[in-house]
Structure formats: structure tokens, C-alpha cells
Amino acid sequence: MKTGLLNEQYFAYFEDVEWSLRFRKAGFEIALAEKALIYHEASGSSKKTHSEGTLSPRVFYYNVRNQFLLLRSQGIPVGMVYHSSGF
């Protein structure tokens, strides 16, 4: 396969976004299957109440870390996103 498998470095969160971007870069189009049904309990394991709040520190860590990984993989300087009004 031209695009490879999901990037295991992400572990959770944003791995599907990164994979989709690789598909587009390889020349594939991403389409919507309007009649498809998917049963998924969104955030079923991550939105349990913890002493730290709704999201556990681990979930928060992977979410933020993987946003940075994704930005880097696309060649977007991380400082640009958080310090530029033109982005």
C-alpha cells in the first residue's frame, strides 16, 4: 500500500488525521460514504471522571502531544500556530 499503516507513534488521537493526510498526499481522494453506519462510543474510555476532572492527565497529554506531532509531520512550525493571527 502506498500510504502504509497507521503511525504507531501516535498511539491514540490524531492518528486518523495523519493517515488521511498521507492518503491525500499519495494522490487518493477522501470521500464520504453517506449511508455507512458506524457504532462507536466516542471517548468511551477517556471521558470518565477522575480526581483531576473529566479527562485524565494521560488523555490530555496524548491529545496535546499528538497535535504537535501532526503539525511537525506537515512541516508547520509549531510557534506559528500559537503565535500568529494569520494562521
Side-chain angles (χ1 to χ4, degrees):
M1 176 183 261
K2 284 183 173 182
T3 58
L5 300 174
L6 288 170
N7 185 338
E8 291 182 11
Q9 184 178 14
Y10 285 84
F11 175 68
Y13 312 108
F14 291 92
E15 74 282 3
D16 53 341
V17 176
E18 189 271 338
W19 201 34
S20 298
L21 292 170
R22 279 193 278 137
F23 268 80
R24 291 186 68 185
K25 188 175 182 177
F28 294 101
E29 290 186 24
I30 297 174
L32 172 67
E34 294 180 32
K35 295 184 180 183
L37 294 175
I38 298 173
Y39 298 96
H40 173 65
E41 185 178 341
S43 303
S45 62
S46 62
K47 286 202 173 178
K48 296 178 180 166
T49 302
H50 299 274
S51 60
E52 297 86 5
T54 303
L55 292 178
S56 72
R58 174 181 270 173
V59 170
F60 184 75
Y61 166 78
Y62 281 117
N63 197 302
V64 172
R65 182 197 77 156
N66 290 354
Q67 287 181 56
F68 286 119
L69 286 175
L70 181 65
L71 291 170
R72 262 196 214 143
S73 76
Q74 300 306 302
I76 300 170
V78 174
M80 291 285 295
V81 175
Y82 290 97
H83 297 291
S84 173
S85 60
F87 217 54

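In what follows, every heavy atom counts, from backbone to side chain, and hydrogens, waters and symmetry copies are set aside.
Nearest heavy atoms, S73 versus Y10: OG-OH, 3.8 Å. Closest of all the heavy-atom pairs between Q9 and R65 is O-NH2, 2.6 Å.
In this structure the side chain of F14 reaches within 4.5 angstrom of the side chain of N63, judged on heavy atoms. For the pair L21/L70, a side-chain contact is recorded, criterion being any heavy-atom separation below 4.5 Å from C-beta on. Side chains of N7 and R22 form a contact here, defined as non-hydrogen atoms less than 4.5 Å apart.
Between the E15 side chain and the Y13 main chain, a donor and an acceptor come within less than 3.5 Å of each other.
A26 meets the side-chain contact (heavy atoms from CB on, under 4.5 Å) test with K2, T3, F28; sequence neighbours excluded.
Taking CZ of F11 as the start and CZ of R58 as the end, the distance is 6.5 Å to the nearest 0.5 Å.
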